[in-house]
Every structure is written in C-alpha cells, then in structure tokens.
Amino acid sequence: MADTRSLSNATAERDQSILRRVRHLGSARNGSQEWRLQRRTALALIPLGLYFVASMLRLAKSDQMSAAEWLASPVPALLTILFVLTVLAHAAVGLRSILVDYVHTRAWLVAAELAVRGAAVLLAGASVLAVLKIFLGR
C-alpha cells in the first residue's frame, strides 16, 4: 500500500512539474479563438479558392496584358486581396499550432512565432500593394 501511495505522489509531482513547464506556452491561453479563426479562414478559402483557381485556369492561355486588365477590375482585385489575406491568416494560425506542438524552448518559440508573423505581414503587405498597383494602373 505504501508503494502505491508513493507512486501516486511521484506521478502527481511529475504532472505538476510538466504543467509548470508548459504553462503559458502554446495556444491554451486563447486556443478556442485560434481554433475558430482557423475554421473560419478555412471556410472562407473554399469559395475564394475556387474563384481564384477558376480565374487562373481561364487566364492560363492569356497574355500578360489580359491578366493585368482582369486584375484592374474592382471585383477580381478585391477577391484576390481577400484570397491572399485569408491564405496568409490561415497559414499563420496553422504554423503557430505546429510551432507550439514541436518547439519546446520558450525563446525559440517566441523567435519562431515572430518570424512567422513577420513573414505573414510582409507577404500580405507586398501582395496587397502589388494588386493595388495593377488596379490603380501605376
């Protein structure tokens, strides 16, 4: 009986040390918000992705001027911007989930999260500027 009790205490102590080690790491702080964001972006990507793929297939045999004229229209420009922003948001949330699962050192996790967010913001800004440049004709 004493062995069982000491084994139980050892297990509880081990669980407490693991809990202390992982506390404040990962998406446990706002996991449901991230889960919802990932599901919403996935749902938004269905129609936006289908539209984008259909448009690219239609433009596959066109020249560069035809593609630029297509992107200079308001609806394709808006839907392309929404598609790119949604893809990047979905990717950032997904990569963060992967990082939380596989990066165990706090410093590396913070550095990796900053790199992912920085890359997403940089790519989003460059993509939106590129589409707006074609849309505005400059």
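Since the structure is predicted, the reported quantities are computational estimates derived from the model, not experimental observations.
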Inset, instruction - Quickly, which of Leu95, Ile98, Val121 forms a side chain to side chain contact (heavy atoms under 4.5 Å, CB included) with Val116? Name it, please. - result: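 So the option named by the test is Leu95.
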For residues [X] and [Y], report the shortest heavy-atom separation together with the two atoms involved.
| X | Y | answer |
| --- | --- | --- |
| Ile134 | Leu71 | CD1-CD2, 3.7 Å |
| Val131 | Ala77 | CG1-O, 3.8 Å |
| Ile81 | Val128 | CG2-CG2, 3.9 Å |
| Gln38 | Ser97 | OE1-OG, 4.4 Å |
| Leu88 | Ala120 | CD1-O, 3.8 Å |

Side chain proximity check, [X] to [Y], heavy atoms < 4.5 angstrom:
| X | Y | answer |
| --- | --- | --- |
| Phe83 | Leu45 | yes |
| Trp70 | Ser62 | no |
| Val100 | Glu113 | yes |
| Thr41 | Val93 | no |
| Asp63 | Ser66 | yes |
| Val84 | Leu123 | no |

Common cluster, [X]/[Y], ILVMFWY with side-chain heavy-atom separation under 4.5 Å:
| X | Y | value |
| --- | --- | --- |
| Leu59 | Leu50 | no |
| Leu132 | Leu79 | yes |
| Ile46 | Val53 | no |
| Leu85 | Phe52 | yes |

Legend entry - Separation between CZ of Arg39 and NE2 of His90, rounded to the nearest 0.5 Å: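 With rounding to 0.5 Å, CZ (Arg39) is 8.0 Å from NE2 (His90).
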Inset, instruction - Count the heavy atoms of every other residue, nucleotide or ligand shown that sit under 6.0 Å from CE of Met56, and state whether that count exceeds 12. - result: yes
Inset, instruction - Answer yes or no: are there more than 12 heavy-atom neighbours, outside Arg117 itself, under 6.0 Å from its atom CZ? - result: no
